[in-house]
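Excluded from the calculations below are hydrogen atoms, water molecules and symmetry mates; all remaining heavy atoms, backbone and side chain alike, are included. Everything numeric here is computed off the predicted structure, so don't read it as measured data. Chain naming here is simple, since letters A, B, ... match the order of the sequence lines and numbering starts at 1 in each.
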Amino acid sequence: MSDNLFASYRARVVEALARIVPDLPAEVAARVEVTPTRDPAHGDMATNAALLAAKPARRRPAEIAAALAAELAGSDGVAAAVPAGPGFVNITLEPATLRGVLPAVLRAGAGYGDGAAGQGVMVNVEYVSANPTGPMHVGHCRGAVVGDALANLLTKAGFGVVKEYYVNDAGAQVAALAWATYWRYLQALGTPTGESDFVALVPGGLQYRGEYLVPVGAALADAHGASLAGPDGRPAAVPVWFDTVREFALGWMLRMIREDLLQLGVTHDVFTSEREILARGAADEAIARLDAAGLLYEGVLEPPKGKVMADWEARPQTLFRATRFGDDVDRPLRKSDGSNTYFANDIGYHGDKIARGASVVVDVLGADHGGYVSRMRSAVAAIAPFYAPGRPVAFEAVLCQIVHVIQNGQPVRMSKRAGTFVTLRDLLDEVGRDAVRFTMLTRKPDAQMEFDLDLAVAQTRDNPVFYVQYAHARCRSVLRAAAEMPGLGPVTREALAQVPLDSLDAEAELALLRRLAHWPRLVEAAALAREPHRIAFYLNDLAGDFHMLWNRGRDDATLRFLQAGQPESTRARLALVEGTATVIRSGLAVLGVEPVEEMR
RNA sequence: GGACCCGUAGCUCAGCUGGAUAGAGCGUCGCCCUCCGAAGGCGAAGGCCGAAGGUUCGAAUCCUUUCGGGUCCGCCA
């Protein structure tokens with residue numbers, strides 16, 4: 001958009017290049033970049049255009065760079081354009097051009113940086129999707145935050161986004177939940193039942209013995225009395241109670257999860273139930289279509305090597321030819337008893353997402369699902385033509401690696417079985433939503449991370465949450481003080497957007513303006529790379545620029561924002577402060593973190 | 001046996017999809033408060049980007065091989 005200084009100068013570069021190399025292939029022109037320079041000595045932006053054009057034009061890069069520099073030097077708002085290095089052209093902007101971003105920021109407000117890069121393409125982002133069998137723990141938290149921030153980021157970049165939660169309410173896990181809840185129910189009725197009474201009965205063993213089901217059992221007893229139990233409070237026949245207990249427990253777990261998510265500030269547009277998807281026949285339909293396309297066969301899989309499988313025996317299963325779509329083995333769709341595998345159901349579900357309009361299907365998954373990605377990608381490639389004829393559909397996975405929680409320099413031991421795992425609620429109580437969210441987003445998702453509880457609440461420089469919020473609070477502090485100053489006039493965003501800015505010429509001020517100019521470009525790049533953590537790093541840098549400028553004012557009184565008796569330059573600086581605060585708020589909004597007014 | 005992710009400063013991590021002299025915080029050392037918030041800032045030291053080949057104008061980034069760490073590989077979801 002026109003707010004994006006780099007995009008508009010890129011357009012000029014491409015135009016100028018076309019005059020120098022008239023028959024430049026379009027695919028080469030498409031690779032032209034205009035990027036911020038790393039070294040201020042290289043000016044404000046640099047382009048690789050001459051390097052790219054050299055080969056097809058059969059001319060030396062330096063020669064094209066010189067010609068390009070000459071073209072650009074006369075361009076509006078450009079102070080200098082010089083060839084450099086192996087064939088770059090470095091562009092130095094007029095200070096007035098940099099100052100021009102400020103009114104753009106102030107007029108657009110939170111919308112500054114909103115882009116059209118997404119072109120309205122429909123993206124379905126599925127995240128969290130924790131089994132509805134217990135409270136959320138820290139393991140779920142990273143995916144929740146990453147997915148939520150990614151969805152916000154994509155929206156900001158102009159994609160059409162659906163945030164989705166897939167409720168796995170159909171499998172054996174949920175049956176186990178029902179049994180465990182029933183056990184707690186009988187205990188609530190006063191029946192002396194130990195674990196041993198249930199371990200043998202429950203499919204997969206008594207998996208969910210955590211305390212969190214005690215109130216569920218009690219509530220069930222309140223709602224249904226003894227009507228679900230047999231004589232003397234002994235277990236009744238399964239059909240008597242099973243459906244009732246399962247629904248009750250599922251509803252309870254889902255409410256609990258949604259409350260946890262709400263505490264974390266995570267919301268979804270759509271909750272999709274696996275059972276409803278199955279009842280609608282989605283999996284069967286997908287299987288039938290794959291079959292009709294000749295992509296299924298009955299076969300026998302090799303046993304996995306390097307893994308001990310004592311009870312392995314070869315048996316024929318219905319297999320999907322995933323290898324035709326790049327997977328390394330074909331994948332089973334049916335268990336030996338003929339029922340669908342989870343994968344088969346998931347194919348049906350992904351078909352449903354595509355049928356609902358998604359052209360990009362993003363699954364935010366835990367690292368333990370890494371082996372699942374290639375098979376799902378092949379499945380989507382196989383079924384997309386059925387659900388979206390003629391429309392390209394991409395499957396993407398964002399894998400979130402494990403989070404180790406650290407306290408007092410020691411790893412916090414977690415065991416789900418022992419019930420000592422750290423719940424999401426514990427974490428939020430300990431460090432707060434903003435710190436959890438920001439900290440989780442200061443690493444790229446596919447790197448393992450250590451979450452240091454002490455650092456997340458520290459009020460120091462090395463805690464990026466604090467550092468960024470402190471910068472915002474300082475901005476607000478200056479603006480509050482300005483509102484009390486006589487003779488300044490209104491200092492609202494709207495008023496400051498009109499203010500003359502010529503007095504902004506200190507190096508630290510220009511550095512801050514450059515940073516603000518990067519924001520739209522950064523949003524676009526982060527969205528296209530599906531990397532919300534880049535927003536967090538940008539904010540850290542922006543806060544750094546602001547803190548530096550602030551401290552310059554400590555050393556040199558003429559650089560302070562508020563100058564008594566000089567309303568004009570003071571207003572210009574307030575515009576810069578307000579612009580900084582605006583972009584910080586905008587970035588924090590993507591991350592789902594609250595800006596703070598003051599930190600006393 | 002195979003697939004995917006990660007190896008970058010003593011530590012925790014960035015590096016904008018191939019660009020110029022590889023960056024930040026912590027830690028270490030030295031500076032800056034009669035002054036809009038010092039809960040900050042400035043400076044110094046610290047690196048052959050796990051290793052070896054390759055691709056090209058140019059590689060931490062792409063390819064191959066290899067060594068470490070993690071995750072996974074039919075009837076869990």
- [ ] May I ask you to say what A:Ala172 touches in the nucleic acid, namely base, sugar-phosphate or nothing, with a heavy-atom cut-off under 4.0 Å?
- [x] sugar-phosphate

Task: Identity of whatever pairs with B:U28 - Watson-Crick or G-U, under 3.5 angstrom - done: B:A44

Task: Nearest-angstrom distance from the residue atom CD of A:Glu126 to P of B:A77 - done: 16 Å

Open item on the list: What contact category does A:His533 fall into here, base, sugar-phosphate, or nothing, at under 4.0 angstrom with non-hydrogen atoms?
Closed with: sugar-phosphate

- [ ] Starting at atom CG of A:Leu559, determine the distance to atom C1' of B:C35, rounded to an integer number of angstrom.
- [x] 13 Å

Task: Side-chain donor-acceptor contact under 3.5 Å, A:Thr272 with A:Glu164 - done: yes

- [ ] Give the B/S/- string for nucleotides 2-12 of chain B, one per nucleotide from 5' to 3', where a protein heavy atom under 4.0 Å of the base yields B, of only the sugar-phosphate yields S, and otherwise -.
- [x] SS-SSS----S

Open item on the list: By the 4.0 Å heavy-atom rule, please label A:Asn90 as base, sugar-phosphate, or nothing.
Closed with: base

Task: Minimum heavy-atom distance A:Leu301-A:Gln317, with the two atoms named - done: CD1-OE1, 4.2 Å

Open item on the list: Over all strands shown, is A:Ala84 touching base, sugar-phosphate only, or nothing at heavy-atom distances under 4.0 angstrom?
Closed with: base

Task: Protein-to-nucleotide contact annotation, 5' to 3' order, nucleotides 21-32 of chain B [B base; S sugar-phosphate only; - none; under 4.0 Å, heavy atom] - done: B---SS-----S

Open item on the list: Tell me whether A:Arg461 forms a cation-pi arrangement with A:Tyr467, defined as NZ or CZ under 6.0 Å from the six-membered ring centre and within 45 degrees of its axis.
Closed with: yes

Open item on the list: Under 3.5 Å, is there a donor on one side chain and an acceptor on the other for A:Thr37 and A:Asp39?
Closed with: no

Open item on the list: Quick check on salt bridge (charged side-chain N to carboxylate O under 4.0 Å, His left out): which of A:Arg515, A:Arg534, A:Arg514 does A:Asp541 satisfy it with?
Closed with: A:Arg515

- [ ] Going by the side-chain contact (heavy atoms from CB on, under 4.5 Å) test, name the single residue among A:Asp452, A:Thr442, A:Leu455, A:Asp454 that passes it with A:Asn463.
- [x] A:Leu455

Task: B:A51 versus B:C67 - spacing of their C1' atoms, nearest Å - done: 7 Å

Open item on the list: Between A:Glu598 and A:Tyr470, do the side chains contain a donor N or O and an acceptor N or O under 3.5 Å apart?
Closed with: no

- [ ] Quick one: label A:Pro86 by what it contacts on the DNA or RNA (base, sugar-phosphate, nothing), any heavy atom closer than 4.0 Å.
- [x] base

- [ ] Let me know the distance between CD of A:Glu396 and C1' of B:U17, rounded to the nearest Å.
- [x] 14 Å

TODO: Kindly assign one of parallel, tilted or perpendicular to the pair A:Tyr342 and A:Tyr372, based on the angle between their ring planes and the thresholds 30° and 60°.
DONE: tilted

Task: Reported CZ-to-CZ distance for the pair A:Arg437 and A:Arg142, which is rounded to 0.5 angstrom - done: 14.5 Å

Open item on the list: Could you tell me how far apart A:Leu549 (CG) and B:G37 (P) are, to the nearest whole angstrom?
Closed with: 14 Å

Distance-only check: which donor-acceptor pairs under 3.5 Å involve side-chain atoms of residues 362-370 of chain A, not counting sequence neighbours?
unit_1	atom_1	unit_2	atom_2	d
A:Asp363	OD1	A:His350	NE2	3.3
A:Asp363	OD1	A:Lys353	NZ	3.3
A:Asp363	OD2	A:His350	NE2	2.8

Open item on the list: Among B:U17, B:G37, B:G74, which nucleotide has an atom closest to any side-chain atom of A:Tyr470?
Closed with: B:G37

Open item on the list: So A:Asn168, base contact, sugar-phosphate only, or nothing? Heavy-atom distance under 4.0 Å.
Closed with: sugar-phosphate

- [ ] Please confirm whether any donor atom in the side chain of A:Arg474 sits under 3.5 Å from an acceptor in the base of B:C36, or the reverse.
- [x] no

Task: Euclidean distance for C1', B:A20 against B:A60 (whole angstrom) - done: 15 Å

Task: Syn/anti state for B:C72 [syn: chi within 90° of 0] - done: anti

TODO: Give the intermediate values and the outcome of side chain to side chain donor-acceptor pair (under 3.5 Å) for residues A:Ser503 and A:Glu568.
DONE: CA-CA 8 Å; A:Ser503 60; A:Glu568 184 134 330; over 6 Å; no

Open item on the list: Classify A:Glu274 by what it touches in the nucleic acid, base, sugar-phosphate, or nothing, heavy-atom distance under 4.0 Å.
Closed with: sugar-phosphate

TODO: Could you pick out which residue, A:Arg560 or A:Glu302, lies toward the 5' side of RNA chain B when each is mapped onto its nearest nucleotide?
DONE: A:Arg560

Task: Protein-nucleotide distance (A:His472, atom NE2; B:G37, atom C1'), rounded to Å - done: 15 Å

Task: Candidates B:C76, B:G15, B:U56 - which lies nearest the side chain of A:Gln173 - done: B:C76

TODO: Decide whether a cation-pi geometry holds between A:Arg375 and A:Phe343; the criteria are a distance under 6.0 Å from NZ or CZ to the six-membered ring centre and an angle within 45° of the ring axis.
DONE: yes

Task: Integer-rounded Å distance: B:G41 P and A:Leu512 CG - done: 14 Å

Open item on the list: Distance check, C1' atoms only: B:C72 and B:A77, in whole angstrom units.
Closed with: 14 Å

- [ ] State which of B:C13, B:G37, B:G15 makes the closest approach to the side chain of A:Phe537.
- [x] B:C13

Task: A:Phe6 six-ring centre to A:Arg521 NZ/CZ under 6.0 Å and within 45° of normal - done: yes

Open item on the list: Between P on B:G37 and CZ on A:Arg476, what's the gap in Å once rounded to a whole number?
Closed with: 14 Å

Task: Sugar-phosphate only, base, or nothing, as touched by A:Leu522 at under 4.0 Å among non-hydrogen atoms - done: nothing

Task: OP1 or OP2 of B:G41 under 4.0 Å from side-chain N/O of A:Tyr467 - done: yes

Open item on the list: In this structure, how many angstroms lie between the P atom of B:A77 and the CG atom of A:Asp368, rounded?
Closed with: 14 Å

Open item on the list: So, does A:Lys335 get its side chain near the phosphate of B:A77, meaning an N or O under 4.0 Å from OP1 or OP2?
Closed with: yes

Task: Opposite nucleotide pairing with B:G23, Watson-Crick or G-U, both atom distances under 3.5 Å - done: B:C13

Task: Distance between P atoms of B:G47 and B:C32 (Å, rounded) - done: 28 Å

Task: Shortest non-hydrogen contact from A:Arg324 toward A:Leu295 - done: NH1-CD2, 3.6 Å

Open item on the list: Checking contacts here: which listed nucleotide (B:A39, B:G40, B:C36) is nearest the side-chain heavy atoms of A:Gln459?
Closed with: B:A39

TODO: Would you classify B:U17 as syn or anti? Syn applies when the glycosidic angle is within 90° of 0.
DONE: syn

Open item on the list: Counting the atoms with a prime plus P, OP1 and OP2 as sugar-phosphate, which does A:Ala46 contact under 4.0 Å by heavy atoms, base, sugar-phosphate, or nothing?
Closed with: base

Open item on the list: Between B:U28 and B:U21, how far apart are the two C1' atoms, rounded to whole Å?
Closed with: 25 Å

Open item on the list: Judged by each residue's nearest nucleotide on RNA chain B, which is more toward the 5′ side, A:Thr35 or A:Arg334?
Closed with: A:Thr35

- [ ] Taking only the side-chain heavy atoms of A:Trp550 (C-beta and beyond), determine which of B:G37, B:C57, B:C16 contains the nearest atom.
- [x] B:G37

Task: Same-atom distance (C1') from B:G10 to B:U17, integer angstrom - done: 31 Å

TODO: Report which part of the nucleic acid A:Arg60 touches: base, sugar-phosphate, or nothing (heavy-atom distance under 4.0 Å, all strands).
DONE: nothing

TODO: With P as the reference atom in both, quote the distance from B:C62 to B:G18 in angstrom, rounded to an integer.
DONE: 7 Å

- [ ] Indicate, with a heavy-atom threshold strictly under 4.0 Å, whether A:Glu313 touches base, sugar-phosphate, or nothing.
- [x] base

Open item on the list: Can you check the distance between B:C16 and B:C73, where both ends of the measurement are the C1' atom (answer in whole Å)?
Closed with: 35 Å

Open item on the list: Side chain of A:Arg552 only, heavy atoms from C-beta on: which candidate in B:G40, B:G37, B:C42 is closest?
Closed with: B:C42

